[in-house]
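The structure appears right after this line, and notes come after that.
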Number of protein chains: 2
Amino acid sequence: MRNAEATRERILEAAMAEFSAFGIQGARVDRIAENAGINKNMIYIYFKNKQTLFNTILQKQLTRVYKEIDFTPEDLPGFAVRVFDFAVNNPELMRLLAWSNIEQHAEGLSERDDAHSMKVISITEAQNSGLIGKAFPPSFILTTIMTLATSWTIANPFGLAFDSASLNNVQALRDGIAKAVGLIVYAGIEA
Amino acid sequence: MRNAEATRERILEAAMAEFSAFGIQGARVDRIAENAGINKNMIYIYFKNKQTLFNTILQKQLTRVYKEIDFTPEDLPGFAVRVFDFAVNNPELMRLLAWSNIEQHAEGLSERDDAHSMKVISITEAQNSGLIGKAFPPSFILTTIMTLATSWTIANPFGLAFDSASLNNVQALRDGIAKAVGLIVYAGIEA
DNA sequence: TTGTATTAACTAACCAGTCAGTTAGTTCTG
DNA sequence: CAGAACTAACTGACTGGTTAGTTAATACAA
């Protein structure tokens, strides 16, 4: 079986699981090779080194995030719920983000910054057109939404165990998040 | 200079910096010894191993957190601001928490769980006595406050760079957090 | 048969933990 | 109070195992 593309794909798949579980430092290249069912050297042929492999995966996953979650400034509670669902359904990805944050070797995150700036601008416009309230600055609103929506993932600084029981009723959390975000973004309107 | 207590303290200090920067896996015992200005073997005399050293530090820091931040169910916006100030002023500690979460070797966190349960009970009582609103479940309120208050630290899943500019005006963030928490906990009262 | 995919064996560096031994300080004894 | 006996603090050198990355040789497909 000789198939360059398939081999590359299997490396990426195994590496995603490995990096998500152990981070960059903790990931073992031998283990990735074994789980991918390929020889370790293939990793060094398809990717420069461990760090590059990680960067490739992070890039790919981030692109996926921005593609799969629609940003709707006119419906921020709905957006928050979408982020929440995505985060709860993709714990591997959340862990990858956490690792890239704390191990601080991340590169090429300009895409992330761009996506952030665009959202802040959209929120500003929504405020000016009266779609949402002006009680809070746009960047504050965005940060609040993103952290609120990911509170029940590995991102919670006090541990997921902190409030894991709530995950037994995902719909209740969805409702709570939508309501809380609504209070914040519609503060000052129709009140 | 022979002083067991001082030596132990210097190890803990250097280890805190090391673990905060590199985590458990990434921490280097040799580096801790060098920065503490002691012989590496002393670490193994005073502490069983690297993991035990980490656990000791985590325990100590968590105790400090619970001691230094008063929980006031009758003034949750104030509590949130206190958590925010503490988090912003103790980035090392926030990193330590993040490492202990993601590297999942943490032990002896019953103290943390107890502190959490107590707060949930207090919030429930506050709701029943009409001090705060019943729009959200107690555990939801607590989780929301904790993550909101730590959104501008390493805990932010999308990176601190996500909204680092806001940290230039800490007072504005404090006000925003207090206001947002107020909207959530007083929803349904005096409205 | 030519070049690409793949492999096994190897290397150099690193690192947690150990160990045999030394030095500083304290207690006991005559 | 001298100095021997003892204890606690500390040191430097080492080891066994691990790991990222390399190299040289082999299998295969066109």
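We name chains A, B, ... by the order of the sequence lines, and we start the count at 1 in each one.
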Does D/dA9 have its OP1 or OP2 closer than 4.0 Å to a side-chain nitrogen or oxygen of B/Thr7? no
Can you check the A/Arg8 CZ to C/dT4 C1' distance for me, whole Å? 16 Å
Candidates D/dA20, C/dG17, C/dC15 - which lies nearest the side chain of B/Arg28: C/dC15
Looking only at the side chain of B/Lys40 (C-beta and beyond, no hydrogens), which of the listed nucleotides C/dA16, D/dT23, C/dT6 gets closest? C/dA16
Separation of C/dA8 P from A/Ile38 CD1 (nearest whole Å): 11 Å
Can you check the A/Tyr46 OH to D/dG21 P distance for me, whole Å? 18 Å
Of C/dA16, D/dG21, D/dA24, the nucleotide closest to the side chain of A/Asn49 is D/dG21
Salt-bridge criterion met for B/Arg174 and B/Asp85 (N-O under 4.0 Å): yes
When you measure from the side chain of B/Met42, which nucleotide among D/dA24, C/dA5, D/dA9 comes out closest? D/dA9
Result for 5'-nearest mapping on DNA chain D, choosing between A/Lys50 and B/Ile45, is B/Ile45
In whole angstrom, give the distance that lies between atom NZ of A/Lys48 and atom C1' of D/dA20. 13 Å
Let's see if you can work this out: which of D/dC10, D/dT23, C/dT18 has an atom nearest to the side-chain heavy atoms of A/Asn41? D/dT23
Using whole Å, report how far CD of B/Glu34 lies from P of C/dA16. 13 Å
Record whether the side chain of A/Asp30 comes under 3.5 Å of the base of D/dT19 through a donor-acceptor pair of N or O atoms. no
For B/Phe140 and A/Trp152, take the angle between the two ring planes, folded into 0 to 90°, and tell me which bin it lands in: parallel under 30, tilted 30 to 60, perpendicular over 60. parallel
What about A/Asn39, does its side chain sit under 3.5 Å from the base of C/dA8 through a donor-acceptor pair? yes
Given C/dA5, D/dT22, D/dA9, the nucleotide with the shortest approach to the side chain of A/Tyr44: D/dT22
Across the strands shown, which category fits A/Ala27 at heavy-atom distances under 4.0 angstrom: base, sugar-phosphate, nothing? sugar-phosphate
Rounded to whole Å, the CD-P distance (A/Gln25 to D/dG21) equals 11 Å
Does A/Glu34 CD have over 12 foreign heavy atoms under 6.0 Å away? no
Select base, sugar-phosphate, or nothing to describe what A/Ile43 touches, counting heavy atoms under 4.0 Å on all strands. nothing
Got more than 12 heavy atoms from elsewhere within 6.0 Å of CD, A/Glu13? no
Nearest whole angstrom, please: distance from the P of D/dA8 to the CD of B/Glu5. 16 Å
Grab the CD1-C1' distance between A/Ile11 and C/dT7 for me, whole Å please. 13 Å
The test is side chain to side chain contact (heavy atoms under 4.5 Å, CB included); show your working for A/Lys134 and A/Asn128 and say whether it passes. CA-CA 8 Å; A/Lys134 288 185 172 175; A/Asn128 288 334; 3.6 Å; yes
If only side-chain N and O atoms count, and only distance matters, is there a donor-acceptor pair under 3.5 Å linking A/Thr52 with A/Asn49? yes
Reckon A/Phe47 touches a base, only the sugar-phosphate, or nothing at all at heavy-atom distances under 4.0 Å? nothing
For B/Ala33, report the nucleic acid contact type (base, sugar-phosphate, nothing); a contact means any heavy atom under 4.0 Å. nothing
